[in-house]
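To keep things clear, I will list the structure first and then write my remarks on it.
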Amino acid sequence: MEIMGDTGTNFIHEIIEEDIRTNKYGKKVHTRFPPEPNGYLHIGHAKAICIDFGTAEKYGGKCNLRFDDTNPSKEDVEYVEAIKEDVKWLGFKWDGLYYASDYFDIMYECAVKLIKKGLAYVCDLSPDEIREYRGTLTEPGKESPYRNRSVEENLDLFERMKNGEFPDGSRVLRAKIDMASPNMNMRDPVLYRILRATHHRTGDKWCIYPMYDFAHPIEDCIEGITHSLCSLEFEDHRPLYDWVVNNVDLGSKPRQIEFARLNLTYTLMSKRKLLQLVNEGIVSGWNDPRMPTLSGLRRRGYTPASIRNFCEKIGVAKTNSVVDYALLEHCIREDLNKNAKRVMAVIRPLKVVIENYPEDKTEWFDIENNPENPEMGTRKVPFSRVIYIEKDDFMEDPPKKFFRLAPGREVRLKGAYIIKCEQVVKDEQTGEIIELRCTYDPESKGGNAPDGRKVKGTLHWVSAAHAIDAEVRLYDHLFTVPNPEDESEGKTFKDYLNPNSLEVLKNCKLEPELYCAAPGSRYQFLRLGYFCVDTVDTKENHLVFNRTVSLKDTWAKIASKE
RNA sequence: UGCGGGAUUGUGUAAGGGUAGCACGAGUGACUCUGGAUCACUUUGUCUGGGUUCGAAUCCUAGUCCCGCAGCCA
């Protein structure tokens with residue numbers, strides 16, 4: 001199934017098409033998405049996933065999901081399960097499911113091979129000494145005194161590293177390349193370190209673990225990856241990637257291509273910082289609806305299609321960039337506008353009594369479920385003498401462009417009647433408006449004025465007698481500034497946290513249609529936005545809705561200018 | 001004063017010697033029983049200086065600015 005549809009083209013596709021033309025890989029395309037299971041996937045990973053899987057799909061190739069689990073001290077099964085779920089949810093099916101840890105034996109053999117070729121050695125320098133010997137960006141490094149050990153000694157020492165004869169951190173296996181290389185990565189990079197940590201898959205079998213730069217190219221070779229797509233910061237590592245591929249000689253020569261990571265305004269993409277938000281309780285968890293994680297976006301109400309579409313729209317290039325969050329919002333609105341059922345909900349209720357409407361009467365009006373899509377049909381909505389409207393939809397002393405309800409003014413109740421505000425009832429103590437007394441025009445049934453008089457405003461409403469209660473959670477950006485990672489003013493991202501990123505409204509009034517709304521289901525609350533039934537906190541008698549995104553609000557714009 | 005990348009409107013991304021286009025945002029208007037949606041229109045851009053050419057975002061040249069790299073992280 002084509003999940004990405006027509007993806008246009010980009011510089012990666014051009015390279016691949018050239019490789020296909022020249023028959024470099026037998027016209028095959030095989031990519032992989034290689035997350036480290038040390039955190040949850042976020043929207044930035046979604047970009048990578050769409051590129052990795054989408055590219056394979058475009059050329060009729062394959063794409064593996066591979067866990068790059070070479071550092072047991074940071075990894076956990078919790079993350080691998082979450083990652084699998086997120087990739088599936090996004091809509092992708094992997095061809096092979098692999099783990100770098102499946103290849104530990106092969107990697108060990110590769111290391112032995114390098115030693116035998118005289119291309120790797122065991123080094124006894126301490127971490128501090130290694131750093132010292134590495135030199136700086138402008139000065140070459142010095143060769144380790146252990147650099148010229150014999151093959152036999154290296155073989156012996158490396159085996160004993162594996163056997164656990166040496167303490168953590170006491171020795172490493174290093175590639176013998178060039179301590180004077182202008183590329184720091186080539187200054188005898190560490191290939192293996194001693195690390196006693198229980199691995200989530202291999203348990204305590206190993207006490208030495210390969211480093212990324214050594215492991216990754218081997219993983220790609222073993223799986224027959226043709227194009228190894230990764231982010232820009234690995235550009236400098238490509239010579240080392242190629243060095244390993246060439247010297248380890250596993251029969252295939254994958255090609256690494258780098259593209260720019262996704263950055264989004266008003267949010268963070270650093271796994272470390274996201275973890276900090278979780279650990280410090282700043283958010284409720286990885287799946288907090290304010291998080292840019294896939295689990296957060298899912299809980300918030302984003303659809304997989306909207307995220308894929310977003311990833312398609314942002315493009316692929318090598319320029320560092322920051323995408324406007326508004327584009328993501330556009331993508332979810334676009335999807336939900338077409339597909340979400342309309343429903344009426346009053347989140348800040350103001351009681352309205354229609355004085356000339358019979359006390360014991362209820363009428364059921366047919367209201368369309370989605371004017372964009374008539375096939376979605378209609379539903380019955382009850383109307384009676386006492387209703388709720390939105391507090392914001394009434395002003396006692398309205399400005400010119402306000403065309404909602406005001407004293408003496410008429411307004412249409414969506415699908416029901418035209419009403420007129422006759423009287424405002426206030427709390428005697430506080431002066432707060434607590435109730436409106438209105439009259440309705442019995443001739444305007446369904447909302448049409450028989451005399452053709454123009455009624456500009458149309459409000460959503462809920463019959464008080466039939467309303468069901470719900471909690472509604474409104475979200476705003478987690479951060480108050482477009483780039484919370486900007487620490488130039490001596491601030492940290494925590495200084496930019498938005499104190500108003502979550503607003504909880506209780507006792508919201510919903511039309512009865514929502515009585516059996518399923519967790520995870522999405523609706524448009526008329527005139528308010530798109531909302532999704534919370535999957536975590538919704539209980540038998542406690543409905544919770546998350547606002548996915550508001551509707552575009554022209555009035556809010558006008559009002560804010562005044 | 002090393003190495004590797006990058007620079008096109010507010011944002012993102014096309015154009016690879018031949019009218020700088022698209023999307024989002026912003027603005028204006030139309031329409032509307034959602035101030036939604038839809039439709040129409042508008043606005044702003046090739047980092048700088050030289051050069052080649054009838055013609056340069058594109059080729060050459062000299063700069064400028066930005067990002068990444070000194071984990072036994074990935």
Rounded to the nearest Å, what distance is computed from the [atom1] atom of residue [X] to the [atom2] atom of nucleotide [N]?
X: A:Glu312; N: B:C24; atom1: CD; atom2: P; value: 14 Å
X: A:Asp324; N: B:A23; atom1: CG; atom2: P; value: 16 Å
X: A:Tyr325; N: B:G12; atom1: OH; atom2: P; value: 17 Å

Worksheet item: Start at the 5' end of RNA chain B and walk down; is the nucleotide closest to A:Lys414 or to A:Ala317 reached first?
Response: A:Ala317

Worksheet item: For A:Glu372 and A:Asn370, does a side-chain donor sit closer than 3.5 Å to a side-chain acceptor?
Response: no

Fill in: Side-chain donor-acceptor contact under 3.5 Å, A:Asn369 with A:Arg379
yes

Quick check on the 6.0 Å ring-centre criterion: do [X] and [Y] meet it?
X: A:Tyr121; Y: A:Tyr146; value: no
X: A:Phe104; Y: A:His199; value: yes
X: A:Phe545; Y: A:Phe525; value: yes
X: A:Phe67; Y: A:Tyr79; value: no

Worksheet item: side-chain hydrogen bond (donor to acceptor under 3.5 Å, both in side chains) with A:Asp486: which residues, sequence neighbours excluded?
Response: A:Ser488

Worksheet item: Pick one: which of A:Leu65, A:Val87, A:Ile83, A:Asp86 meets side chain to side chain contact (heavy atoms under 4.5 Å, CB included) with A:Ile49?
Response: A:Val87

Worksheet item: Given the rule in the ring-ring contact (aromatic ring centres under 6.0 Å, His included) test, do A:Tyr241 and A:Phe234 qualify, once you have shown the distances and angles that lead to the verdict?
Response: CA-CA 9 Å; A:Tyr241 181 97; A:Phe234 294 105; 9.8 Å; no

Atom [atom1], compared across [N] and [M]: separation rounded to whole Å:
N: B:G21; M: B:C60; atom1: C1'; value: 27 Å
N: B:A15; M: B:C65; atom1: C1'; value: 25 Å
N: B:U32; M: B:A40; atom1: C1'; value: 15 Å
N: B:A37; M: B:C31; atom1: C1'; value: 11 Å
N: B:G29; M: B:U46; atom1: C1'; value: 32 Å
N: B:C22; M: B:C41; atom1: P; value: 11 Å
N: B:A30; M: B:A14; atom1: C1'; value: 31 Å

Quick one: side chains of residues 314-321 of chain A, donor-acceptor pairs under 3.5 Å with protein atoms, not counting sequence neighbours, listed by atom name and distance.
residue  : atom : partner  : partner atom : Å
A:Lys318 : NZ   : A:Glu235 : OE2          : 2.5

Worksheet item: Can you give one letter per nucleotide of nucleotides 69-74 of chain B, going 5' to 3': B for a protein heavy atom under 4.0 Å from the base, S for sugar-phosphate only, - for none?
Response: BBSBSB

Worksheet item: Please, what dot-bracket string fits RNA chain B when only Watson-Crick and G-U pairs with both distances under 3.5 Å count, crossing ones use [ ] and pairs to another strand use |?
Response: .((((((..((((....[..)))).(((((.......)))))....(((((..]....))))))))))).....

What protein N or O atoms touch nucleotides 35-40 of chain B N or O atoms at under 3.5 angstrom, if any, and at what distances?
residue : atom : partner  : partner atom : Å
B:G35   : OP1  : A:Arg527 : NE           : 3.4
B:G35   : OP1  : A:Arg527 : NH1          : 2.7
B:G35   : O3'  : A:Thr554 : OG1          : 3.3
B:G35   : O2'  : A:Thr554 : N            : 3.3
B:G35   : N7   : A:Arg404 : NH1          : 2.6
B:G35   : O6   : A:Phe403 : N            : 2.9
B:G35   : N1   : A:Lys401 : O            : 2.6
B:G35   : N2   : A:Lys401 : O            : 3.2
B:G36   : OP1  : A:Thr554 : OG1          : 2.5
B:G36   : N2   : A:Arg342 : NH2          : 3.4
B:G36   : N2   : A:Glu372 : OE2          : 2.9
B:A37   : O2'  : A:Asn337 : ND2          : 3.1
B:A37   : O2'  : A:Glu372 : OE1          : 2.9
B:A37   : O2'  : A:Glu372 : OE2          : 2.9

Worksheet item: Any side-chain N or O of A:Lys557 less than 4.0 Å from the OP1 or OP2 oxygen of B:A26?
Response: yes

List the atom pairs, donor and acceptor, that lie under 3.5 Å between side-chain atoms in residues 69-78 of chain A and the rest of the protein, sequence neighbours left out.
residue : atom : partner  : partner atom : Å
A:Asp69 : OD1  : A:Ala100 : N            : 3.2
A:Asp69 : OD1  : A:Ser101 : N            : 2.8
A:Asp69 : OD1  : A:Ser101 : OG           : 3.4
A:Asp69 : OD2  : A:Ser101 : OG           : 2.7
A:Asn71 : OD1  : A:Ser73  : N            : 3.3
A:Asn71 : OD1  : A:Ser73  : OG           : 2.6
A:Glu75 : OE1  : A:Asn71  : N            : 3.4
A:Glu75 : OE2  : A:Asn71  : N            : 3.0
A:Asp76 : OD1  : A:Glu78  : N            : 2.7
A:Glu78 : OE2  : A:Tyr40  : OH           : 2.8

